[in-house]
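Proteins come first, then strands; the chains are lettered A, B, ... in the order of their sequence lines, and each starts at number 1.
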2 protein chains.
Amino acid sequence: MGTRERRLRELAEREQLFLDAAREQISGQGLLTLQMAKVARSCDYATGTLYQHFSSKEDLLLAICADQAEKRVATMARAAHWEAPSRDRMFALMVADMLFAERHPDHYRLTQYVFTEAVWGSASQRRRDAVIEAHRPIGDLVSQIVTDGIDAGDVDSRGRHPLEMALGQYAMTIGMHHMVHAEGVLEKENVPDPYRLLLSHGAAHLNGLNWQPLQDPFDDVALDALVTRICSTLFDDFRPAEAERAAQPEAQPIEGAPQ
Amino acid sequence: MGTRERRLRELAEREQLFLDAAREQISGQGLLTLQMAKVARSCDYATGTLYQHFSSKEDLLLAICADQAEKRVATMARAAHWEAPSRDRMFALMVADMLFAERHPDHYRLTQYVFTEAVWGSASQRRRDAVIEAHRPIGDLVSQIVTDGIDAGDVDSRGRHPLEMALGQYAMTIGMHHMVHAEGVLEKENVPDPYRLLLSHGAAHLNGLNWQPLQDPFDDVALDALVTRICSTLFDDFRPAEAERAAQPEAQPIEGAPQ
DNA sequence: CTCATAAAGTGAACCGTATTCATAATTCAC
DNA sequence: GTGAATTATGAATACGGTTCACTTTATGAG
């Protein structure tokens with residue numbers, strides 16, 4: 001009989017209901033002020049019911065993180081599977097993650113939180129593994145692009161292991177996200193568009209470090225065209241304003257540089 | 001009269017006392033379990049006294065962060081002011097920060113925390129500014145190295161603003177730290193020594209992207225020699241074990257690469 | 001339809017801890 | 001020495017995560 005299946009489905013649906021409600025509350029008020037009772041109430045359930053799905057507040061946070069990670073990965077996968085030279089795929093992957101982080105700053109912060117401290121708390125091992133597993137495909141995507149590039153002769157691995165290159169490449173993206181989202185840091189440096197910086201330097205990284213041939217390097221014009229193309233071709237569900245912002249054509253002067 | 005000065009000095013001393021006690025408690029039990037009452041008690045003061053120095057728990061966390069940041073900056077400054085080519089100074093800066101993060105993982109996590117969520121809470125604006133200010137010199141140091149390199153003809157800025165290059169360079173370091181400290185992620189990828197990866201890729205970044213001339217690129221041998229030299233020359237207070245670990249001579253095979 | 005059983009839902013009570021504040025102790029200027 | 005100002009105190013309060021004894025609902029056999 002289908003009773004069991006229906007029960008399981010309802011369980012999953014309610015779990016998603018809680019996840020969405022919690023995410024909404026976070027996006028309104030921040031991580032630390034998330035209140036379990038409010039989450040439950042906003043779904044017309046009692047506190048206890050929420051605790052039948054998530055063993056603790058931290059467990060809930062990890063579940064949100066894992067849930068959102070799947071969407072993030074899906075976004076990046078679209079870029080990684082683009083029909084294009086591996087260098088451009090790598091760039092598209094960075095753009096995709098940038099767009100995602102811009103759209104979902106809460107998810108970025110939550111991931112930071114989860115990956116630094118919350119992991120040692122009271123969440124179940126199952127949840128912790130789920131978070132790790134949800135993020136694994138990112139590494140796989142990057143690795144795949146690098147490997148494809150090496151196979152196609154586009155990438156000079158210079159004797160390094162593809163994984164090392166992939167991690168190095170991705171580390172820069174993560175670091176950029178961190179700098180962008182570290183409230184007040186880049187603002188104080190008068191950087192008008194941090195993501196512009198990410199794109200520009202990311203492209204330079206690809207230009208200079210590993211990708212061959214270099215006859216057709218990214219320049220500012222090619223960069224903007226590519227960003228526009230990526231946004232329109234791969235991510236047409238991103239609103240024009242965001243694509244426009246990302247591909248902002250006129251060069252942004254960087255003022256107030258130290259010394 | 002010197003009464004006022006003495007008072008202020010005593011105030012600062014007691015503040016430091018609390019900061020040290022709190023840091024000790026964090027390093028033993030993690031961020032989230034820090035208890036205000038315990039911090040006060042461990043200094044033989046009552047809870048209320050602690051609250052005369054720090055308006056909230058979060059305020060205390062930010063103060064710790066700012067306090068530690070000064071030590072971190074001091075470490076990096078030693079590397080940045082090294083008498084060496086700018087490329088090597090930049091590399092030394094990365095090594096310095098790596099050694100610091102390895103020694104003070106709590107500070108790294110605290111900074112992550114503070115820079116993502118805690119900043120929106122109940123800490124005073126004064127504290128928030130202090131944290132930003134404490135970190136500003138890092139950007140200045142990196143910028144200075146880049147500028148010096150351009151002046152000396154060592155660096156090809158390729159038309160980019162020095163600040164952009166500096167931030168890009170530093171972003172990679174931050175990203176690497178994050179990946180190293182994201183418990184379980186790199187372990188699952190069977191990366192034997194994440195910091196080895198940071199050094200290797202950081203060097204590759206310097207080799208290929210901006211630094212000229214390239215006639216003398218880092219290779220594995222030069223890399224190890226340089227790390228050893230940096231550790232012994234600039235950071236002799238770092239214990240041999242750590243320097244050794246950072247400069248581990250035999251190439252670490254990376255196993256279990258995806259696909 | 002009825003009933004026994006299980007499953008799901010409830011929210012008041014519990015508990016730990018951040019924060020406050022009325023009071024006490026101390027210091028200081030004169 | 002004295003009164004005002006400053007500093008220290010810790011019991012009381014507030015808040016929110018977590019629990020659990022109980023209620024309600026769903027199930028399916030007879």
Side-chain angles (χ1 to χ4, degrees), chain A residues 1-19 21-22 25-26 28-64 113-114 117-118 120-124 127, chain B residues 1-19 21-22 25-26 28-64 113-114 117-118 120-124 127:
Chain A
M1 60 198 60
T3 302
R4 180 158 209 79
E5 283 71 32
R6 201 205 63 222
R7 277 257 167 97
L8 285 175
R9 197 193 62 230
E10 283 177 354
L11 209 75
E13 281 173 1
R14 199 160 47 245
E15 189 158 315
Q16 193 62 49
L17 190 71
F18 285 138
L19 287 176
Q25 195 181 329
I26 286 177
Q29 319 168 6
L31 267 187
L32 303 184
T33 54
L34 179 81
Q35 286 181 32
M36 298 298 271
K38 273 195 192 172
V39 172
R41 269 281 96 54
S42 76
C43 299
D44 296 319
Y45 280 101
T47 320
T49 309
L50 181 54
Y51 273 86
Q52 282 186 338
H53 290 266
F54 308 98
S55 68
S56 67
K57 182 175 174 176
E58 189 201 317
D59 208 59
L60 173 60
L61 290 177
L62 266 79
I64 296 173
Y113 180 81
V114 161
E117 176 73 11
W120 301 330
S122 56
S124 64
R127 281 272 185 241
Chain B
M1 64 199 60
T3 302
R4 181 157 208 81
E5 284 72 31
R6 202 205 63 221
R7 276 253 167 100
L8 286 174
R9 198 192 62 229
E10 282 177 354
L11 208 76
E13 281 173 2
R14 199 162 47 247
E15 188 157 316
Q16 194 62 50
L17 190 70
F18 284 138
L19 287 176
Q25 194 181 328
I26 286 177
Q29 318 167 7
L31 267 187
L32 304 183
T33 55
L34 179 81
Q35 285 180 33
M36 297 299 270
K38 273 194 192 173
V39 172
R41 271 285 136 250
S42 75
C43 300
D44 295 320
Y45 280 101
T47 320
T49 309
L50 181 55
Y51 273 86
Q52 282 187 338
H53 289 266
F54 308 98
S55 68
S56 67
K57 181 174 174 176
E58 189 202 316
D59 206 59
L60 174 60
L61 290 178
L62 266 80
I64 297 172
Y113 179 81
V114 161
E117 176 72 11
W120 300 331
S122 55
S124 64
R127 282 270 186 243

Between [options], which nucleotide has the shortest distance from any of its atoms to the side chain of [X]?
| X | options | result |
| --- | --- | --- |
| B:T47 | D:dT18, D:dT9, C:dT19 | C:dT19 |
| A:R41 | D:dT18, C:dG11, C:dT19 | C:dG11 |
| A:Y45 | D:dA8, D:dG17, C:dG9 | C:dG9 |

Taking only the side-chain nitrogens and oxygens of [X], find out if one of them lies under 4.0 Å from OP1 or OP2 of [N].
| X | N | answer |
| --- | --- | --- |
| A:Q35 | D:dG16 | yes |
| A:R14 | C:dG9 | yes |
| A:T49 | C:dA8 | no |

Protein-nucleotide distance ([X], atom [atom1]; [N], atom [atom2]), rounded to Å:
| X | N | atom1 | atom2 | result |
| --- | --- | --- | --- | --- |
| A:K38 | D:dC15 | NZ | C1' | 12 Å |
| B:D44 | D:dA8 | CG | P | 13 Å |
| B:Q52 | C:dT20 | CD | P | 12 Å |
| A:L8 | C:dA7 | CG | P | 12 Å |
| A:Y51 | D:dA21 | OH | P | 18 Å |

Sidechain-backbone polar pair: B:T33 side chain, B:Q29 backbone, donor-acceptor under 3.5 Å
yes
May I ask you to say whether A:R14 pairs ionically with A:E10, meaning some side-chain N is under 4.0 Å from a carboxylate O?
no
Supply the atom-to-atom distance A:Q25 CD to A:M36 CE, rounded to the nearest 0.5 angstrom.
10.0 Å
Looking at A:L31, A:V114, A:I26, which hits side-chain contact (heavy atoms from CB on, under 4.5 Å) with A:I64?
A:I26
Whichever of A:S55 and B:L50 has the more 5' nearest nucleotide on DNA chain D, that residue is B:L50
Applying a 4.0 Å non-hydrogen cut-off, can you work out what B:L34 is touching in the nucleic acid: base, sugar-phosphate, or nothing?
sugar-phosphate
